[in-house]
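Here's the structure we're looking at; comments come further down.
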Amino acid sequence: MVTAATLTPDARTRQATVNARWRFGLVLGGGGMRGLAHVGALRALEERGWDPAEIVGTSMGALLGAAWAAGFALRDLEATALSLTRRDIFSIAHRDMALQRMRARGLYRSDPLDALISGLIGDVTFRDLPRRLIVASVDINSGMQVYWGLPGLQDVRVADAVFASCALPGFFAPRDIGGRHFVDGALVDNLPVRLAASRAVDGVIAVDVGASSVLRADTQEAGFAAVYARASEIVFQQAMESHLRSWSRPPMLLIQPRVEQVPIFSFKHTRELIDEGRRATAAALEVAGEAVRTAEGGIFPRRLVRIGVIRERCIGCGACISNAPAGTFRMDQFGKAVGPDGPSEWSPIDGGFIRHCPTYAITAHPIPGEAGAATGGASTGTGRVPA
């Protein structure tokens, strides 16, 4: 297999020239510390000459995308990520909690996160950036989604917009920008691909590190912060899947690094996260880069999978029929669910219905050596298999 590492300098230049003809928006989603996988994703893109026309970021995706847009070298960004400790971001606001109790604006102090953001981005506005950047946030009072960096919204400090995008309500105080108060853009859209698609591009590359579908153990025993963070994950993921379910165009390469096993506030897996972001992005570009660049629409990469039902576990509740696309399942004469007869073509967004089976009776397995059609159009798949 030919990779970026094995290409000669001339070949890399030619590849970058081809990639430059395809204008794409790069979307970096939120996911707490799992968002450090974006560092590896950016490195994989840079190594292969995939240079975005614009970066759209939410939460940790906004922070890392802004640092890159401000000119921070990826090797330095990686070194900074590897050196991060909990105290660099999360320091409990003991004084506010003691004096204001339930009226405290946030569980954590703002100044450590402010210092980190300023150190990466500096004191610049969106107009000053060498790369085009959009940062998603939400007005906590009106519920309005605001995208800093769009025309008319370019004269604010990037650091303030990024802080707002990282300010998960309850954890950090909302950020005052122009007399209005803004929080995490994930409240409305954790992966703002629709905004990126509206920006005169040929396609979208999106990196999703939300990973709420994983089964977690004993969340209820881990305290308020863990329960609230887990609840937020679920809400964000459901909203994202709803947004993408009807996606048709432009073509999108949806990259989902396998980071679901990492807790949202963990600082013990940084090397693993960066490496997985790089691996997943390189693999997606290798498998579907050409397909997405030549397609008219749809979500990539595609693959063929076989859906089954473990009859011993099926209780006949019908949840699969109500949650899956029409015609995917049927009930037999014994009241058991039956899956499709043949293989199904899936994109990364398909298959959310699997996790809603109360007895985990639904299975989905990729068909070895088989890839989905590299054509445009909306996905017709009915499930999701990890990359």
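In terms of modelled atom types and a separation under 3.5 Å, the side chain of Arg278 and the main chain of Leu42 share no donor-acceptor contact. With hydrogens and angles ignored, the 3.5 Å screen pairs a side-chain donor or acceptor of Asn323 with a backbone N or O of Ala319. Between the Lys336 side chain and the Cys314 main chain, a donor and an acceptor come within less than 3.5 Å of each other. At least one donor-acceptor pair closer than 3.5 Å links the side chain of Ser83 to the backbone N or O of Thr80. Within the 3.5 Å criterion, the main-chain N or O of Val262 finds a donor-acceptor partner in the side chain of Arg34. Between the side chain of Asp88 and the backbone N or O of Thr85 there is at least one donor-acceptor pair closer than 3.5 Å. Not one N or O on the side chain of Thr125 forms a donor-acceptor pair closer than 3.5 Å with the backbone of Asp155. The closest donor-acceptor contact from the side chain of Thr328 to the backbone of Ala324 lies at 3.5 Å or more, if one exists at all. Although no hydrogens or angles enter the test, the distance criterion places a donor-acceptor pair under 3.5 Å between the side chain of Ser165 and the main chain of Ala136. With hydrogens and angles disregarded, a donor-acceptor distance shorter than 3.5 Å links the side chain of Gln154 to the backbone of Gly149.
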Under the criterion salt bridge (charged side-chain N to carboxylate O under 4.0 Å, His left out), I'd like the reasoning laid out for Arg180 against Asp139: C-alpha separation, chi angles, the key distance, then a yes or no.
CA-CA 7 Å; Arg180 296 167 64 185; Asp139 183 323; 2.9 Å; yes
Could you check Phe267 against Met33 for side-chain contact (heavy atoms from CB on, under 4.5 Å), going step by step and ending with a plain yes or no?
CA-CA 7 Å; Phe267 287 78; Met33 301 311 296; 3.5 Å; yes
Run the numbers on Phe24 and Arg293 for side-chain contact (heavy atoms from CB on, under 4.5 Å), then give the verdict.
CA-CA 9 Å; Phe24 70 95; Arg293 196 164 45 199; over 6 Å; no
Set out, in order, the CA-CA distance, both residues' side-chain angles and the distance that settles side-chain contact (heavy atoms from CB on, under 4.5 Å) for Asp160 and Asp176, then state yes or no.
CA-CA 8 Å; Asp160 284 332; Asp176 183 338; over 6 Å; no
Walk me through it: do Arg175 and Asp114 pass the test salt bridge (charged side-chain N to carboxylate O under 4.0 Å, His left out)?
CA-CA 11 Å; Arg175 177 51 48 101; Asp114 260 327; 2.8 Å; yes
Stepwise, does the side-chain contact (heavy atoms from CB on, under 4.5 Å) test hold for Val27 with Val207?
CA-CA 6 Å; Val27 181; Val207 185; over 6 Å; no
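The side-chain heavy atoms of Leu244 and Leu254, taken from C-beta on, include a pair separated by under 4.5 Å. Using a 4.5 Å cut-off on side-chain heavy atoms (C-beta onward), Tyr360 and Arg313 make contact. Side-chain contact check for Lys268 versus Ser266: some heavy-atom pair is nearer than 4.5 Å. Counting heavy atoms from C-beta outward, Ile349 and Trp247 have side chains that stay 4.5 Å or more apart. Side-chain contact check for Trp68 versus Glu46: some heavy-atom pair is nearer than 4.5 Å. Here the side chains of Met252 and Phe300 are not in contact, with every heavy-atom distance at 4.5 Å or above. Side-chain contact between Thr58 and Asp184: present, with at least one pair of heavy atoms (C-beta onward) separated by less than 4.5 Å. Pro301 has its side chain out of reach of Ser347: every pair of non-hydrogen atoms, C-beta onward, lies at least 4.5 Å apart.
Note: Leu45 CG to Arg43 CZ = 12.0 Å, rounded to the nearest 0.5 Å. Within the model, atoms CZ of Arg157 and CG of Asp123 stand 4.5 Å from one another, a figure rounded to the nearest 0.5 Å. In this structure, Thr363 OG1 and Ile354 CD1 are separated by 8.0 Å, a value rounded to the nearest 0.5 Å. Separation of atoms CG (Leu133) and CZ (Phe126) is listed at 5.0 Å; rounding is to 0.5 Å. The distance from atom CG of Asp189 to atom CG of Leu195, rounded to the nearest 0.5 Å, is 8.5 Å. To the nearest 0.5 Å, atoms CH2 (Trp50) and CG (Leu26) are separated by 11.5 Å.
Ionic pairing of Asp51 and Arg131 is present here: one or more N-O contacts between side-chain nitrogen and carboxylate oxygen are shorter than 4.0 angstrom. Taking the charged nitrogens against the carboxylate oxygens, Arg258 and Glu276 have no contact shorter than 4.0 Å, which rules out a salt bridge. For Glu345 and Arg303, the salt-bridge test fails: no basic side-chain N is under 4.0 Å from an acidic carboxylate O. Using a cut-off of 4.0 Å between Lys/Arg side-chain N and Asp/Glu carboxylate O, Arg279 and Asp275 are scored as not salt-bridged. Salt bridge annotation for Arg311-Asp332: present, with a cationic side-chain nitrogen under 4.0 angstrom from a carboxylate oxygen.
Here the closest heavy-atom approach between residue Val162 and residue Leu63 is recorded as CG1-CA, 3.6 Å. Among all heavy-atom pairs drawn from Phe182 and Ile177, the shortest one is CE1-O, 3.7 Å. Nearest heavy atom pair, residue Gly30 against residue Ser59, reads CA-CB, 3.9 Å. Taking every heavy atom of both residues into account, Ile274 and Ala81 meet most closely at CD1-CB, 4.2 Å. Between Val209 and Ala37 the shortest heavy-atom distance is CG1-CB, 4.1 Å. Heavy atoms only, all atoms of each residue included: His38 and Leu28 are closest at ND1-CD2, 3.6 Å.
With a 6.0 Å radius and a threshold of 12 heavy atoms from other residues, nucleotides or ligands, Asp341 has its CG atom at or below the threshold. Annotation: Met144, atom CE; neighbour count of heavy atoms from other residues, nucleotides and ligands within 6.0 Å does not exceed 12.
Using a 4.5 Å cut-off between side-chain heavy atoms of Ile, Leu, Val, Met, Phe, Trp and Tyr, with links allowed through other members, Val259 and Leu84 fall into the same hydrophobic cluster. A continuous path of hydrophobic side-chain contacts links Val39 to Leu82 [ILVMFWY only; heavy atoms under 4.5 Å]. By the criterion of side-chain heavy atoms lying less than 4.5 angstrom apart, applied directly or through intervening Ile, Leu, Val, Met, Phe, Trp or Tyr residues, Val309 is not grouped with Val338; the two fall into different hydrophobic clusters.
Ring-plane geometry between Phe163 and Phe172 is classed as perpendicular, the angle between the planes exceeding 60 degrees on a 0 to 90 degree scale with a lower cut at 30.
Remark: of the listed residues Val292, Val287, Thr294, Thr294 is the sole one forming a side chain to side chain contact (heavy atoms under 4.5 Å, CB included) with Glu290. The residue from Ile299, Asp208, Val204, Ile205 that alone fulfils the side chain to side chain contact (heavy atoms under 4.5 Å, CB included) condition with Val193 is Val204.
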